[in-house]
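Working notes for the structure below.
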Amino acid sequence: MVSVCYMISGGKKTVIPLILIGLCQIGLIGRIVSDCRDAMSQRKFPVSLQLNFYIYTMKKLLLIICAALLFSTENSFSQSPNNSDRKWWKEAIVYQLYPRSFKDSDGDGIGDLKGIISQLDYLKSLGVDAIWLNPIYSSPNDDNGYDVSDYRNIMKEFGTMADFDALLKGLHSRGMKLVMDIVVNHSSDEHEWFKQSRSSRTSPYRNYYHWWNAENGKPPYRYSLFDINHDAWMYDSLTNAYYLHYFSRKQPDLNWENPKLRQEVYDILTFWAKKGTDGFRLDAFQFAAKDTTWPAFPVGFEKNFIKYYAMQGNLHGYLQEMNAAVLSKFDVMSVAEGAGNSFEDAHNLVDAHRKELNMAYAFDGVDIAKMEGYSLLHFKEVFSRWDSAFANDGWLSIYLANHDQARMVTRFGNDDPAFRDLSSKMLTTFILSMRGTAYYYNGDELGMTNAGFEKIDDYKDMPTLNEYQNQKNKGGDLNKFMQRIKFESRDNGRTPFQWNATTHAGFTTGTPWIKVNPNYKTLNAAAQEKDPNSCLNYFRTLVKLRKANPVLVYGKYTLLDKNNPKVYAYTREEAGRKLLIVLNFSSTKTEANIGFNITNAKLLLTNYPNVTVNNLSQSIITLRPFEAIIYQF
């Protein structure tokens, strides 16, 4: 009977004695047992009837106990996520892998799919749940794959479709999922759609893109993020018209107002979903819909261009259409790059009842770090505000780095060798102890740093090179520009993965497409595998801790010591379980005032090899430089 009730109650053995006591208190068990005993002792019935009555009584008792257990279980879930709200993509740790720089298998200096396959056991050892690949489709590589020329083929430098199939099978066999980057705000100008579109004003593909006929004069100014002159309209003499490109000239924007174009995209998504892809990240999708009346924007709008570009037109209608056509038909996760201009915009993207996307990838947090430094008070305010906005509805992403940013430890921590490992571990603790789906960028588990490039020739990033030329053309301060990109250029996050201390960090036997960070001889995966206190092994430990404690995924977040300029402290609570996270974001010893004593606290994790002795009966916690502590109480 106990085993049956245990199975129904979802394994809550400790609940059974409490339920039995409760039932006895209200007289149910006593009455049933008494009736059974009296009937047996008085022998008023034949033995067969007595036995049937006994069985009936025990069944009745079993049903009452199990019903009570179900009621108890239901009540316990009311304090934690409802079973229907628990999704694999909420609890997943998503590891972003930049294919070009991860591992080269053929010596051409460019990472590829076979290289990734060769390191699947390493990825499995991290404990992560899903691998997000940056674009691997056919591309002329004006923007490292974010200019797609064929959405159903693999870039030659990366391998073949057979390699992709082998990669997907290898991931799935190891219990990991694959998330693909879908670039459909724009395509490459070498895509067949655009070739046909620019060939004639009467081409059936003309309206796959945005065109402005030159006889109507110059189009209203639109800002381009990557264009050398920041002009988003490019004149094309073939049909005497301008085409729109929010990014580079070789990345013309797709016309989402055209239903034929939208259906093409849905077919592409279906193609990859049927192959077994587990999720889609929609690149720059907040910009996909346009106001095609092309109103004039105020002078200087480019300083806040997202206000004018994001969430325009019928974007939500297109996403609902995409959800109905593709996303709802497969067990896939979906995430948009960008979350608009407000929490209302973000909620409209991800609230489940709207049937659009699962989550958004907002920029507010990752954009805080600047060359001049940043305020932890501002950092805390931003992340607390986003958590509060999604406390009850919707879902958010937590991250501090990606392929569009310089290295996490350089931007948010301290990459001086004295503090690099400590600050890297502290930042990792932050990411993996906050509510939301955690995204973690490859190489950060090693504490990889900015490359420290000194010459413009060391950089490969197209927008960086274009902006250098732009500054040069207008007589800008090139020394200041070089200092700035040394800190913030996204090439810093794209240098080859540092596998070991051999030539080119074990990334390639050839010449790498971009220089390897010179610190690879001491900062590499092979060395860290042997060190139990390394960043790599700390990451693995923290991943296990998050998986063992769903409170870190779903639990209520409460900010503590709000005005402390050096310490970020907060609690996570769920279903009677409470964790305290205390993070020192500074290079000096400092204190945090938690506001309550933690006498009965149990230390779960610290990023130092030895533990600081704190008087837990007090509310003051002393922290060493970049120390991270997690307590349970």
Side-chain angles (χ1 to χ4, degrees), residues 95-104 109 111 115-116 118-119 121-123 125-128 369 399-403 405-432 440-454 458-460 486-509 511-543 587 607-609 625-628:
Y95 183 86
Q96 183 188 355
L97 191 155
Y98 197 68
R100 178 171 290 271
S101 300
F102 193 66
K103 182 68 174 175
D104 173 25
I116 299 171
S118 73
Q119 296 299 331
D121 287 339
Y122 170 81
L123 296 175
S125 78
L126 297 178
V128 297
Y399 72 106
L400 287 178
N402 60 29
H403 64 289
Q405 309 293 336
R407 281 292 173 185
M408 175 179 75
V409 70
T410 300
R411 299 181 72 232
F412 288 99
N414 188 324
D415 62 9
D416 184 285
F419 297 117
R420 181 189 63 218
D421 286 4
L422 287 170
S423 62
S424 176
K425 293 175 184 178
M426 183 274 295
L427 294 168
T428 297
T429 308
F430 168 73
I431 295 171
L432 295 182
Y440 202 84
Y441 187 60
N442 64 190
D444 284 344
E445 74 271 26
L446 306 180
M448 282 181 61
T449 67
N450 277 10
F453 291 152
E454 298 288 349
D458 292 333
Y459 292 91
K460 305 300 180 184
K486 189 175 183 179
F487 176 82
E488 68 182 33
S489 173
R490 57 188 190 171
D491 271 347
N492 287 298
R494 300 178 177 188
T495 58
F497 194 94
Q498 295 165 209
W499 291 105
N500 53 50
T502 64
T503 304
H504 304 314
F507 163 69
T508 182
T509 57
T511 302
W513 72 274
I514 189 171
K515 286 185 177 180
V516 177
N517 191 316
N519 65 10
Y520 76 89
K521 292 184 179 180
T522 55
L523 198 169
N524 60 72
Q528 294 196 21
E529 289 282 4
K530 303 172 185 176
D531 179 3
N533 295 315
S534 67
C535 291
L536 175 58
N537 284 313
Y538 183 84
F539 175 77
R540 288 169 172 152
T541 299
L542 196 50
V543 166
S587 59
N607 62 340
Y608 272 78
F626 294 110
E627 187 164 17

TODO: I would like to know whether Leu432 and Phe539 meet side-chain contact (heavy atoms from CB on, under 4.5 Å); could you show each step before the answer?
DONE: CA-CA 9 Å; Leu432 295 182; Phe539 175 77; 4.1 Å; yes
TODO: Evaluate the criterion side-chain contact (heavy atoms from CB on, under 4.5 Å) for residue pair Leu536 and Glu529; output intermediate values, then yes/no.
DONE: CA-CA 7 Å; Leu536 175 58; Glu529 289 282 4; 3.7 Å; yes
Open item on the list: Would Arg100 and Arg494 count as a side-chain contact (heavy atoms from CB on, under 4.5 Å) here? Give the steps.
Closed with: CA-CA 8 Å; Arg100 178 171 290 271; Arg494 300 178 177 188; over 6 Å; no
- [ ] I would like to know whether Asn450 and Lys486 meet side-chain contact (heavy atoms from CB on, under 4.5 Å); could you show each step before the answer?
- [x] CA-CA 8 Å; Asn450 277 10; Lys486 189 175 183 179; over 6 Å; no
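Paired with Gln498 under the rule side-chain hydrogen bond (donor to acceptor under 3.5 Å, both in side chains), one option of Thr522, Asn519, Thr449 passes, and it is Asn519.
One distance of note links CG of Asn607 with CG of Leu422; it measures 5.5 Å at 0.5 Å rounding. Expressed to the nearest 0.5 Å, how far CG of Asp104 lies from OG1 of Thr511 amounts to 10.5 Å. Considering CD of Glu627 and OG1 of Thr429, their distance stands at 10.5 Å, rounded to 0.5 Å. The distance from the CE atom of Met448 to the OG1 atom of Thr495 is 4.0 Å, given to the nearest 0.5 Å. Put simply, OG1 on Thr502 and CZ on Phe507 are 12.0 Å apart, with the number rounded to the nearest 0.5 Å.
Counting only heavy atoms from C-beta outward, the side chains of Ile431 and Met408 approach each other to under 4.5 Å. Looking only at side-chain heavy atoms (C-beta outward), Leu126 and Val543 stay at 4.5 Å or farther from each other. Looking at heavy atoms from C-beta onward, Pro496 lies out of side-chain contact with His504 at the 4.5 angstrom threshold. Using a 4.5 Å cut-off on side-chain heavy atoms (C-beta onward), Phe626 and Tyr608 make no contact.
For the residue pair Glu445 and Tyr95, a side-chain donor N or O sits within less than 3.5 Å of a side-chain acceptor on the partner. There is a side-chain donor-acceptor pair under 3.5 Å between Tyr440 and Thr428.
Classification of the Tyr122-Phe497 ring pair by plane angle, with boundaries at 30° and 60°, yields perpendicular. Ring geometry for Tyr98 versus Trp513: interplanar angle of 30 to 60°, hence tilted.
Of all non-hydrogen atoms in Met426 and Ala628, the two that sit nearest each other are CA-CB, 4.0 Å. In this structure, Gly447 and Arg420 approach most closely via the heavy-atom pair O-CD, 3.6 Å. Between Asn492 and Gly452, the shortest heavy-atom distance links the atoms OD1-N, 4.1 Å. Considering every non-hydrogen atom in both Lys103 and Gly506, the closest pair reads NZ-O, 2.5 Å. When every heavy atom of Val409 is checked against every heavy atom of Ser423, the shortest pair comes out as CG2-OG, 3.4 Å. Of all the heavy atoms in Asp444 and Ala401, the pair that sits closest is OD2-CB, 3.3 Å.
Here Tyr459 and Phe453 bring their ring centres to under 6.0 angstrom of each other.
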